[in-house]
Amino acid sequence: MKIYIIAILVLLALQVVSASSPEEMYGMYDKDGKYREMTEQVEQIRLRSEEAQKEKQTKNMIILVVSLIAGLIPVCVIGGKVIRNQTWKTNPTGTTQGIAIALAGGFALFAFNYGWFYLKYLHKDIFKPLFSIAFIILLIGIGIYLARNKKL
């Protein structure tokens, strides 16, 4: 009896080993092809997600570089004038204040450009209503400012 059971188990093991190719295994377990179709769809979704992530990182890097260049412009202009005119010899306090203002202005310009481009190119659906609301608030603010400072 033991010999028959061992022989049957060996034959079953050989049958499982012979069906080792992926196509045969799909055929055994996935008769209608739904599992294979589903795995292919998951793979396509994963590839699209990776491509979208790479594209987003590339756009983010471009936005960062452009904003950084725009933020360095005031520092370079003021720094160039300081170096050409050598104002640190005659007015060291004014030179320090000018460079500090240039750095603050450059940082503000960088932050504004980065936020603007980030919203415009990476979050298009948020940018349009946010920009519209900000523009309306700006117009209201200008109107209030002009109404208060208008001499009657």
Side-chain angles (χ1 to χ4, degrees), residues 13-152:
L14 289 175
Q15 184 180 7
V16 169
V17 170
S18 68
S20 62
S21 73
E23 297 299 323
E24 291 175 5
M25 292 178 74
Y26 279 130
M28 284 176 21
Y29 297 112
D30 189 23
K31 301 282 187 207
D32 55 356
K34 288 182 181 178
Y35 178 75
R36 172 171 258 185
E37 182 181 328
M38 183 177 60
T39 56
E40 288 174 359
Q41 287 177 351
V42 168
E43 185 65 24
Q44 289 175 356
I45 291 170
R46 187 186 62 80
L47 289 175
R48 276 190 253 137
S49 174
E50 287 177 1
E51 289 173 7
Q53 185 69 22
K54 286 179 185 178
E55 183 179 340
K56 185 177 179 181
Q57 287 176 349
T58 303
K59 283 183 178 181
N60 198 11
M61 187 58 67
I62 291 170
I63 289 169
L64 183 68
V65 168
V66 168
S67 298
L68 188 63
I69 289 171
L72 286 175
I73 289 173
V75 176
C76 292
V77 170
I78 300 295
K81 286 184 180 181
V82 166
I83 291 172
R84 266 186 267 124
N85 298 337
Q86 297 182 355
T87 58
W88 67 86
K89 293 179 181 176
T90 59
N91 188 5
T93 306
T95 302
T96 306
Q97 289 175 350
I99 291 174
I101 290 171
L103 285 172
F107 180 75
L109 189 60
F110 166 78
F112 177 76
N113 282 327
Y114 185 78
W116 180 275
F117 289 138
Y118 187 79
L119 287 174
K120 184 168 175 79
Y121 291 110
L122 293 179
H123 298 286
K124 297 173 188 170
D125 52 339
I126 296 173
F127 179 74
K128 289 180 182 178
L130 187 67
F131 179 69
S132 300
I133 292 169
F135 186 70
I136 289 170
I137 291 172
L138 179 69
L139 287 177
I140 291 171
I142 290 172
I144 291 171
Y145 175 77
L146 291 175
R148 291 181 132 205
N149 290 336
K150 187 176 182 181
K151 294 183 181 183
L152 297 175

Checklist entry - If you measure from CD1 on Ile45 to CD on Glu50, what distance do you get to the nearest 0.5 Å? => result 12.5 Å
Checklist entry - Which value, rounded to the nearest 0.5 Å, describes the distance between Ile63 atom CD1 and Lys56 atom NZ? => result 10.0 Å
Donor-acceptor pairs under 3.5 angstrom involving side-chain atoms of residues 98-122: please list them, not counting sequence neighbours.
| residue | atom | partner | partner atom | Å |
| --- | --- | --- | --- | --- |
| Asn113 | ND2 | Leu109 | O | 3.2 |
| Tyr114 | OH | Asn60 | OD1 | 2.9 |
| Tyr118 | OH | His123 | NE2 | 3.3 |

Next on the checklist: Can you confirm whether Lys59 sits close enough to Glu55 that some side-chain heavy atom of one is under 4.5 Å from a side-chain heavy atom of the other?
Outcome noted: yes
Next on the checklist: Quick check for you: to the nearest 0.5 Å, what is the distance between Gln41 atom CD and Glu37 atom CD?
Outcome noted: 5.0 Å
Item to check | Heavy-atom closest pair, residues Thr96 and Pro92 | outcome: OG1-O, 2.8 Å
Checklist outcome for this item: Rounded to the nearest 0.5 angstrom, the CD1-CD1 distance for Ile78 and Ile83 is 12.0 Å
Item to check | Under-4.0 Å salt bridge between Glu51 and Lys54 | outcome: no
Next on the checklist: What's the separation between atom CD in Gln86 and atom CG in Asn91, rounded to the nearest 0.5 Å?
Outcome noted: 14.0 Å
Checklist entry - With side chains defined as the heavy atoms from C-beta onward, is the minimum distance between Leu64 and Leu68 less than 4.5 Å? => result no
Checklist entry - Only one of Leu138, Ile140, Ile144 clears side chain to side chain contact (heavy atoms under 4.5 Å, CB included) with Ile142; which? => result Leu138
Checklist entry - Say you draw a straight line from CD of Glu43 to CD of Glu40; how long is it, rounded to the nearest 0.5 Å? => result 9.5 Å
Next on the checklist: Using a 3.5 Å distance criterion without hydrogens, assess whether the side chain of Thr95 forms a donor-acceptor pair with backbone atoms of Thr87.
Outcome noted: yes
